[in-house]
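All values reported here derive from a predicted model rather than from experimental measurement. Worth knowing before you read on, the calculation uses all heavy atoms, side chains too, and leaves out hydrogens, waters and symmetry mates.
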Amino acid sequence: MNDARSEDPVLEIKNLCVSYGTGSGEVRALENITVTLNRGEVLGLAGESGSGKSTLVYGATRLLSPPGIVTSGEVLYHPPTGGEAVAILRVDDDKLRQLRWNDIAIVFQGSMNSLSPVFRIERQLTDVIAKHRPASSRIERSTRARELLKMVGIPQDRLIAYPHQLSGGMRQRVMIAMAMALNPDVVIMDEPTTALDVVMQRQILQEILRLRSKLNFSVIFITHDVSLLIELADRIAIMYAGRIVEEGPAQDLYRNPQHPYTYGLLNSFPSLHGERKEIVGIPGSPPDLQNMPSGCPFTPRCPFAFEACHKSMPPLTGSDQFPREAHVVACHLHSADSARVPIELSSPRVRGSV
């Protein structure tokens with residue numbers, strides 16, 4: 001993790017709202033999401049499937065497929081050279097094409113679906129470079145492709161291989177190499193370790209940390225597995241039902257979760273230390289976005305819910321444990337105007353296990 005965290009923002013998402021469909025069939029997938037990625041930082045987005053993680057980054061980068069639509073909000077990219085911020089949601093298509101891969105790159109979930117099965121790896125890497133660096137020569141592009149594979153620990157002779165001839169871990173490394181091709185400022189990784197075994201997951205995470213340390217790019221890392229983020233991310237934002245319900249430094253969030261949903265996620269994976277204990281899941285299911293419960297959307301599943309939880313959605317503010325803006329939570333247990341005394345949530349897992 002990057003202990004010397006920069007306060008210089010590279011990507012700001014402000015009050016972003018996304019819907020699928022219109023009229024009576026409209027589904028509000030995101031509600032007023034505000035989050036900032038600082039330069040050189042790893043920001044983790046975690047939550048159950050359907051919580052809005054991928055919708056957030058695809059909406060912010062204008063990659064949403066119909067019927068998804070950004071209904072309001074602002075996304076600002078701050079170039080490393082300074083100057084005026086780029087409003088991504090308002091720029092024309094030519095400017096957007098310049099931003100993609102040059103400044104903001106994405107490692108999509110499912111490498112086999114992202115790589116063309118009919119072209120060799122070298123062709124796919126050099127096509128990205130040729131598209132954005134048309135003045136480059138064929139030799140320069142081929143040399144860069146070899147550098148990229150070496151960077152992610154793949155033998156250069158695999159350049160002539162087709163995607164189906166590589167293992168799942170190698171294909172994922174190729175996707176990371178492709179994202180690194182033009183030295184972007186921001187890399188968005190949408191569950192890049194999905195469907196990989198735990199050993200390969202560890203290798204991919206170590207590769208990401210090594211490259212981030214070497215190239216100093218910023219990362220948004222999306223996953224449903226909070227345990228992956230504890231050692232990878234500088235900050236973690238927990239999403240539920242299209243909202244951020246808790247955000248804070250990774251270690252603060254791990255040691256002192258403030259939202260019952262965060263607490264449930266942290267206790268849904270086994271500890272490597274201490275006595276064997278039964279894993280406790282979160283009861284119930286995520287809400288239907290077309291039929292959201294009144295008040296806090298987590299209320300039907302929350303063991304600490306009380307009267308205020310059914311009446312209103314709590315604001316995202318500091319808690320008694322962490323009154324600073326660095327760690328915020330949307331929960332009536334920590335609301336200043338709530339009559340309920342805040343309940344301290346602490347994980348029963350062995351401290352220092354990370």
Side-chain angles (χ1 to χ4, degrees), residues 13 16-20 27-35 42-60 64 68 107-110 188-196 198 201 205 220-233 235-248 250 253-254 257-271 278-305 309 313-314 316 328-333 345 347-349:
I13 301 173
L16 190 68
C17 295
V18 171
S19 292
Y20 287 95
V27 176
R28 302 278 288 183
L30 293 182
E31 287 282 357
N32 295 313
I33 297 291
T34 296
V35 67
V42 178
L43 171 66
L45 292 180
E48 294 171 291
S49 296
S51 60
K53 307 181 298 297
S54 296
T55 297
L56 172 58
V57 295
Y58 292 163
L64 273 180
V107 179
F108 294 99
Q109 182 179 354
I188 297 171
M189 299 189 173
D190 187 7
E191 302 202 38
T193 59
T194 296
L196 299 179
V198 292
Q201 281 187 6
L205 294 181
I220 296 179
F221 193 99
I222 301 171
T223 181
H224 61 274
D225 187 350
V226 185
S227 63
L228 289 179
L229 296 177
I230 300 302
E231 58 182 307
L232 173 70
R235 285 188 302 122
I236 298 175
I238 303 294
M239 295 191 66
Y240 185 78
R243 296 170 170 85
I244 291 179
V245 297
E246 185 168 3
E247 179 187 346
L253 191 140
Y254 167 69
Q258 298 297 291
H259 198 284
Y261 180 61
T262 307
Y263 176 81
L265 290 177
L266 288 170
N267 282 275
S268 296
F269 64 91
S271 171
E278 183 179 353
I279 298 176
V280 180
I282 302 174
S285 302
D288 180 357
L289 296 180
Q290 284 188 302
N291 187 27
M292 291 283 284
S294 60
C296 173
F298 189 62
T299 298
R301 308 174 69 188
C302 181
F304 303 106
C309 303
M313 178 66 195
L316 194 63
V328 291
V329 60
C331 182
H332 282 300
L333 293 174
L345 302 178
S347 172
R349 289 171 289 112

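Within the 4.5 Å cutoff, the side chain of Pro300 has no heavy atoms near those of the Pro287 side chain. Between Asp190 and Phe108, every side-chain heavy-atom pair lies at or beyond the 4.5 Å cut-off. Between Ser51 and Pro286 the shortest side-chain heavy-atom distance does not fall below 4.5 Å. Between Thr55 and Tyr20, some side-chain heavy-atom pair lies under the 4.5 Å cut-off. Residues Thr262 and Ile236 fail the side-chain proximity criterion, which asks for heavy atoms closer than 4.5 Å. Taking 4.5 Å as the limit, some side-chain heavy atom of Leu266 sits within range of a side-chain heavy atom of Ile230. Contact of the Thr223 side chain with the Leu232 side chain is not registered, since no non-hydrogen atoms from C-beta on lie closer than 4.5 Å. Residues Arg243 and Met313 are in side-chain contact: their nearest non-hydrogen atoms beyond the backbone lie under 4.5 Å apart.
In this structure, CZ on Phe221 lies 10.5 Å from CG on Leu45, to the nearest 0.5 angstrom. Here the CD1 atom belonging to Ile222 is positioned 13.5 Å from the CG atom belonging to Leu228, to the nearest 0.5 angstrom. Atom CD1 of Ile244 is separated from atom CG of Leu56 by 6.5 Å, given to the nearest 0.5 angstrom. Residue Glu231 holds its CD atom at 11.0 Å from OH of Tyr254, rounded to the nearest 0.5 Å. Here Glu247 contributes atom CD and Leu316 contributes atom CG; the two are 7.0 Å apart, rounded to the nearest 0.5 Å.
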Stepwise, does the side chain to side chain contact (heavy atoms under 4.5 Å, CB included) test hold for Ile220 with Val57? CA-CA 9 Å; Ile220 296 179; Val57 295; 4.0 Å; yes
May I have the step-by-step check of side chain to side chain contact (heavy atoms under 4.5 Å, CB included) for Met239 and Leu30, ending in yes or no? CA-CA 10 Å; Met239 295 191 66; Leu30 293 182; 3.8 Å; yes
Run the side chain to side chain contact (heavy atoms under 4.5 Å, CB included) test on His259 and Ile238 for me, step by step, so that the C-alpha distance in whole Å, both residues' side-chain angles and the decisive distance to 0.1 Å come before the verdict. CA-CA 9 Å; His259 198 284; Ile238 303 294; over 6 Å; no
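Remark: Tyr240 engages Tyr261, Phe298 in a ring pair (Phe, Tyr, Trp, His ring centres under 6.0 Å) (not counting sequence neighbours). When the salt bridge (Lys or Arg N to Asp or Glu O under 4.0 Å) test is applied to Glu191, no partner is found at least two apart in sequence or on another chain.
For the residue pair Ala60 and Leu16, the shortest heavy atom distance occurs at N-CD2, 4.1 Å. Nearest heavy-atom pair, Leu229 versus Ala250, reported as atom, atom and distance to 0.1 Å: O-CB, 4.4 Å. Across every non-hydrogen atom of Leu43 and Ala237, the tightest pair is CD1-N, 4.4 Å.
Side-chain atoms of Gln258 do not come within 3.5 Å of backbone N or O of Val329 as any donor-acceptor pair. A distance-only check finds a donor-acceptor pair linking the side chain of Thr299 to the backbone of Cys309 [under 3.5 Å].
Residue pairs meeting the salt bridge (Lys or Arg N to Asp or Glu O under 4.0 Å) criterion with at least one member in residues 46-56, sequence neighbours excluded, are Glu48-Arg301.
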